[in-house]
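Here is the structure we will look at.
Bear in mind that the values here come from a model prediction, so they are computed numbers and not experimental data.
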Amino acid sequence: MLQLPSINEKGGNFRLKMADLIDVMAAFPLGRPQNLILATPHMRNLTHSFPDLSSRSRALRCVTAGVQPSGGEVFSVTSSSKSIVDYLGESTKGDMNVKEEHLEAFGVDGETTLHGPIEEIARKEFLEAEALLSELGIKDPFTTRHSPRGIFCSRTLNLRSISAIGYDMDYTLIHYNVMAWEGRAYDYGMANLRSMGFPVDGLEFDPDLVIRGLIMDKELGNLVKADRFGYVKRAMHGTQMLSTPAVSEIYGRELVDLRNDSRWEFLNTLFSVSEAVMYMQMVDRLDEGVIPAELGPLDYKGLFQAVAKALFRAHVEGQLKSEIMAEPDRFVEPDPELPLALLDQKEAGMRLLLITNSDYHYTNKMMHHAFNRYLPNDMQWRDLFDMVIVSARKPEFFQMSHPMYEVVTSDGLMCPCFKARSGGLYSGGSAQIVENSLGVHGDEILYVGDHIFTDVSQSKVHLRWRTALICRELEDELNALIHSQGHRVALIELVQQKEVIGDLFNQLRLARQRRSKDRPAQTLAATRMDDQELTESMQKLLIVMQRLDEKIAPMLEKDGERFNKWWGYLSRAGLWDKSHLTRQIEKYADIYTSRVSNFLHYTPFMYFRSQEQNLAHDSNSYTSRDVNGATLSM
């Protein structure tokens, strides 16, 4: 990767006229132009120091190599021992700095560049940076942040301070076609149920029946969607959605508590789709009374155990994975950008780890298929990783110590070992062994996975690793939100209109109540209203609100149907609130995105900053009226 560096990474000080930069780029061929990253947008006076094209090329080579034209180191990188904590609480480890004594070699006027009102300097640099990013066809961070392919930040994360990045494989580095993979898992699971005596004829896999983040109620045979507090907002019994009154009657006085895993089963990953579809369909069969009596008296919890057992057999017996290994093109969705994203990270000095629960043979086959054809210079997928750990047994991998074995032959022969080495291939072990072998611990490691509990929650809770969640469905959700914007604006407008109309009705109701007790109303004008005017106004407002309810209710029911007709949006519960899934993501994932290759649209040196979190009393949360006479915009 090429990088034009700065005085320090928090702000650029070199400048280059745009035409000069384009000339330099033309004279210096780039193997991967999409990976040209500019740490500072402009270098002024470079043409005066190097007037001919070959000199400009020489200057750029010197800059990217970190030396001045006359020789000697220009830049330094902050080491762990010299790092401090910045004003956002992040380590400065990995930040690049320039030695000021070398500025003159590049024609930089230190007095005018380094001094003066920083507000003026920053404003000018900001505008120039925007212009050059646009000229180069590189999206700025603000644009990328609001893209379906963006990386979203819950907790500020300085990638430069990360020494090692660990990756899960399934649904993280390898994305499967859900209909194909989960459909076959469903088929094998149903075949196992049939062999156990369950009536499964006529049932088909329906992936739209469930979404990630739903919760199975194993006591009642329900599938529910809860908000961030645990209140159930939507529910399905078997394959039939329950009405809002029915949901309120069943769950009005209880909260979903995921710690009670004997009752609640959270759908953490796309691997949960086939299991949930199987369970809800079999609930229908149980309610219909067609499950044979010889299977024993089954309740909803016992039925779930039978479904889980059947699907577990499908995974461990090997037929499913053998089929996938035989036809990877049918099951794996290719992503040519993915290997390049990891290559950028490796070349930036980060040690990459693969930590997967899949076995060696399956891992090797899938990674070879997904990576090797897109890597440059005859690289193999193993060349990317400093350490590969298969059969890791997560979440126990993060929780406790297990023996580690080194895979020493291509057919999977293993021998015990007690310390991992760079470039090694291992089975089992623990996160503690990894930390000790690498010499890095805690927040120096970023782990990336798709499973909220197994990958993200446990690595953070037990080890304080930094975490990234991969959630492919984000792309569909964000696109659905974009196309539903008109519907949501109209719905919110109606809700706000009812709020104002309802407030007037409540004020008139209070005035009428006070009048019945021979007390004055809230204001003199309200007190002077005659009885007929008061009554007629209330009647009219009631009729308007009733008609608004008739309009709002179906619109609210349809909100989110572009994403899923039963459950609405993945991240939302109702019009205003966050889903239980979103709360889990905010709590455990420092960053989250739809796919690992999205890192390619950033840099390995990115400083992710969390966004402002609005509170109920923040001024910008007021959406309809003004405060103390000052009108507030939405």
Would you say the side chain of [Y] lies within less than 4.5 Å of the side chain of [X], judging by non-hydrogen atoms?
| X | Y | result |
| --- | --- | --- |
| D455 | K394 | yes |
| L384 | F371 | yes |
| R184 | F331 | yes |
| I215 | L258 | yes |
| V596 | H175 | no |
| V390 | D359 | no |
| I162 | K93 | no |
| H451 | D168 | no |

Determine yes or no for a side-chain-to-main-chain donor-acceptor pair under 3.5 angstrom, with [X] supplying the side chain and [Y] the backbone.
| X | Y | result |
| --- | --- | --- |
| W567 | L209 | yes |
| R212 | L270 | no |
| S437 | K419 | no |
| Y602 | I151 | yes |
| R330 | I324 | no |
| H580 | D227 | yes |
| S322 | G318 | yes |
| R234 | L242 | no |
| H441 | R464 | no |
| K346 | D386 | no |

Gap between atom [atom2] of [Y] and atom [atom1] of [X] - 0.5 Å precision:
| X | Y | atom1 | atom2 | value |
| --- | --- | --- | --- | --- |
| E333 | L338 | CD | CG | 12.5 Å |
| I165 | L159 | CD1 | CG | 6.0 Å |
| R583 | F229 | CZ | CZ | 9.0 Å |
| D299 | Q305 | CG | CD | 8.0 Å |
| E182 | M278 | CD | CE | 11.0 Å |
| R393 | M400 | CZ | CE | 8.5 Å |

Between the side chains of [X] and [Y], does any donor sit under 3.5 Å from an acceptor?
| X | Y | value |
| --- | --- | --- |
| D329 | H369 | yes |
| K587 | S457 | no |
| K365 | Y360 | no |
| S272 | N268 | no |
| S594 | E475 | yes |
| S262 | N260 | yes |
| S571 | E477 | yes |
| Y186 | Q281 | yes |
| D335 | S597 | yes |
| N357 | S391 | no |
| Y167 | Q345 | yes |
| D590 | Y447 | no |
| S83 | S80 | no |

Under a 4.0 Å N-O cut-off, is there an ion pair linking [X] with [Y]?
| X | Y | answer |
| --- | --- | --- |
| E586 | R155 | no |
| R194 | D201 | yes |
| R595 | E337 | no |
| K565 | E561 | no |
| E90 | R609 | no |

Are the aromatic ring centres of [X] and [Y] under 6.0 angstrom apart?
| X | Y | value |
| --- | --- | --- |
| Y171 | F271 | yes |
| F266 | F453 | no |
| W181 | H315 | yes |
| Y592 | F152 | yes |

Subject >> salt bridge (Lys or Arg N to Asp or Glu O under 4.0 Å) assessment of R263 paired with D257 >> reply: CA-CA 9 Å; R263 177 174 183 181; D257 184 355; over 6 Å; no
Counting only heavy atoms not in [X], do more than 12 fall under 6.0 Å of its [atom1]?
| X | atom1 | value |
| --- | --- | --- |
| W264 | CH2 | yes |
| E288 | CD | yes |
| K309 | NZ | no |

Establish, for the pair K321 and Y362, whether the NZ or CZ atom is under 6.0 angstrom from the six-membered ring centre and no further than 45 degrees off its axis.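 Because its charged atom sits under 6.0 Å from the ring centre and within 45° of the axis, K321 does stack over Y362.
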Once the angle between the rings of Y279 and F304 is folded into 0 to 90°, is it parallel (under 30°), tilted (30 to 60°) or perpendicular (over 60°)?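 Rings of Y279 and F304: perpendicular, over 60°.
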So which atom in [X] and which in [Y] form the shortest heavy-atom distance, rounded to 0.1 Å?
| X | Y | value |
| --- | --- | --- |
| L570 | E473 | CD2-CB, 4.1 Å |
| N479 | P148 | OD1-CG, 3.5 Å |
| D450 | T172 | N-OG1, 3.2 Å |
| W566 | D208 | CD1-O, 3.3 Å |
| G189 | A310 | O-CB, 3.5 Å |
| P334 | R373 | CB-NH2, 3.9 Å |

Only residue of L600, L478, N598 satisfying side chain to side chain contact (heavy atoms under 4.5 Å, CB included) with R149 is N598
Exercise for the section: Go through S91 and D443 one step at a time and tell me if the side-chain hydrogen bond (donor to acceptor under 3.5 Å, both in side chains) criterion holds. Expected result: CA-CA 9 Å; S91 170; D443 60 7; over 6 Å; no
Would H237 and Y300 satisfy ring-ring contact (aromatic ring centres under 6.0 Å, His included), going step by step from the backbone distance to the final call? CA-CA 11 Å; H237 180 75; Y300 296 121; 5.5 Å; yes
